[in-house]
Amino acid sequence: MIKMTSRRVDGVTILDIGGRITLGEGSTQLRDSIRQLLAAGEKRILVNLGEVSYIDSSGLGELVSAFTAVRAEGGELKLLNLTRKVHDLLQITKLYTVFDVHDDETSAIASFAAA
Amino acid sequence: MIKMTSRRVDGVTILDIGGRITLGEGSTQLRDSIRQLLAAGEKRILVNLGEVSYIDSSGLGELVSAFTAVRAEGGELKLLNLTRKVHDLLQITKLYTVFDVHDDETSAIASFAAA
Amino acid sequence: MLESRIENVDRAEAAAEEVARAAGFDVDEQHHIAMAVREITVNAITHGNQLDAAKKVHLDFSISPAGLIIEVRDEGRGFDASKLPDPLAPDNLLRQSGRGIFLARAFMDELDLKNLRHGLEVRMAKRKRR
Amino acid sequence: MLESRIENVDRAEAAAEEVARAAGFDVDEQHHIAMAVREITVNAITHGNQLDAAKKVHLDFSISPAGLIIEVRDEGRGFDASKLPDPLAPDNLLRQSGRGIFLARAFMDELDLKNLRHGLEVRMAKRKRR
Ligand SMILES: Nc1ncnc2c1ncn2[C@@H]1O[C@H](COP(=O)(O)OP(=O)(O)O)[C@@H](O)[C@H]1O
Ligand SMILES: Nc1ncnc2c1ncn2[C@@H]1O[C@H](COP(=O)(O)OP(=O)(O)O)[C@@H](O)[C@H]1O
């Protein structure tokens, strides 16, 4: 019940996620995807959560780990298109203050530092 | 969530029911249909329960009332095509001994007394 | 909160089915448990609370290793269960009503009726087969 | 019966959502209640029973006029809740874990942890808005 595909636009890798990012479902896939991207040298990652219906605390933890993993490699991980549920979750957990969150793909891409 | 249509074959009215015959849903419609058929002088009624997913005690009661109402008018009401669930219900409540139950439409129709 | 409205019967039934699934019962058992809850909730709302929306039905599901325990409590006057007519008796077979508790009992492993100070409490249990 | 397997988390969550619907909560509230049950059940299975399939989780839903009370009980060692780190503290904000109980608490009106002789009991309540 999770879909994850990545595409590249103007030097930024966009990871489009759909479905649930929860323990045992999406969390592991998210971790693997981020690992693969970092291994391939992709360090500007925009995670599109527009089609994510549900994140639990495990999924939130995985997003935070993705964020710190990318930062540790000198890269940037940003979020795109939060649904109301996901937005509320980031607000309650104060993670909204951690992530750079965007609503528009073009301006999100432009916000990444040039290579 | 209930469907009820009637058709006439060889002097027998077949009432095809689909969905749930339960309190507040199918029970009332079943009562109304039987009333209408009796008002129209139809007294040989074959109730096809093949597409009925669920009957509760209210629906069972309505079937019994239909049976006695038709019999009171000198007619016959028989049942056709019981699903396993409905069959089990009639067995448990001993109503299986009350109704004439058929599996085959043609022989069910033939079993009605000639007009 | 279950107000004494018939729509709430469907809700209680759907909840029971999902809880039964969570408890690990198979689909047939889920159906039987849901049906028992339906019948007993209909009684609580109609016979117990007499469709008085101010009166409520209290519903309790308890999933344990042994199985599922369900309690339905209304705010009515209760009744004398020893006077329950047998729906299988020849004289009762063609009666329109009187099969609800009988069916719920058939579908559960245990069903106990208890008159409380204000209302009837029906406690049903279904054990896991091993 | 809930064996200590992760699949059962989804079942418990689905049951909670359906029970919340039956209790008359709106879809947002249903989601929040289901999520709280998910988080607490994950804890019961992982931290409490430590994925030992022989240990069970006991789940109790109680629908009453006032709202919904849910209890989740495991067979683990419990823990000292007074030592729960605050996930909003700046030092904890980037930790991968530690948000489960916090979120469940945020989504319910009450959440109490109680160490029993054998296991932890989490009691959560959600009141109906009027
Ligand atoms: N919650 C209740 N409160 C009071 N009386 C009840 C309750 N439930 C059942 N009864 C009594 O028991 C009788 C039998 O109930 P039941 O077996 O469900 O059949 P039915 O509801 O079709 O009459 C009812 O007619 C009613 O008199
Ligand atoms: N059922 C439980 N049994 C024992 N310890 C628990 C239980 N639930 C929670 N804990 C403890 O509380 C901590 C915090 O739990 P929680 O807030 O859900 O975050 P997380 O599960 O991500 O660590 C856990 O790491 C664990 O040490």
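This one's a predicted model, so the numbers in the text were calculated from it and none came from an experiment. Chain letters run A, B, ... following the sequence lines, proteins first and then strands; every chain starts at 1.
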Looking only at heavy atoms, what is the nearest atom pair of His58(C) and Ser62(D), with distance?
NE2-OG, 3.0 Å
So which atom in Ala12(C) and which in Ala22(D) form the shortest heavy-atom distance, rounded to 0.1 Å?
N-CB, 4.2 Å
Work out which heavy atom in Val19(D) is nearest to a heavy atom in Ala15(C); give both atom names and the distance.
CA-CB, 3.9 Å
Sort Glu17(C) into side chain, backbone, both or neither according to what part of it lies under 4.5 angstrom from a heavy atom of chain D.
neither
Nearest-0.5 Å distance, CZ of residue Arg11(D) to CD1 of residue Ile63(C):
10.0 Å
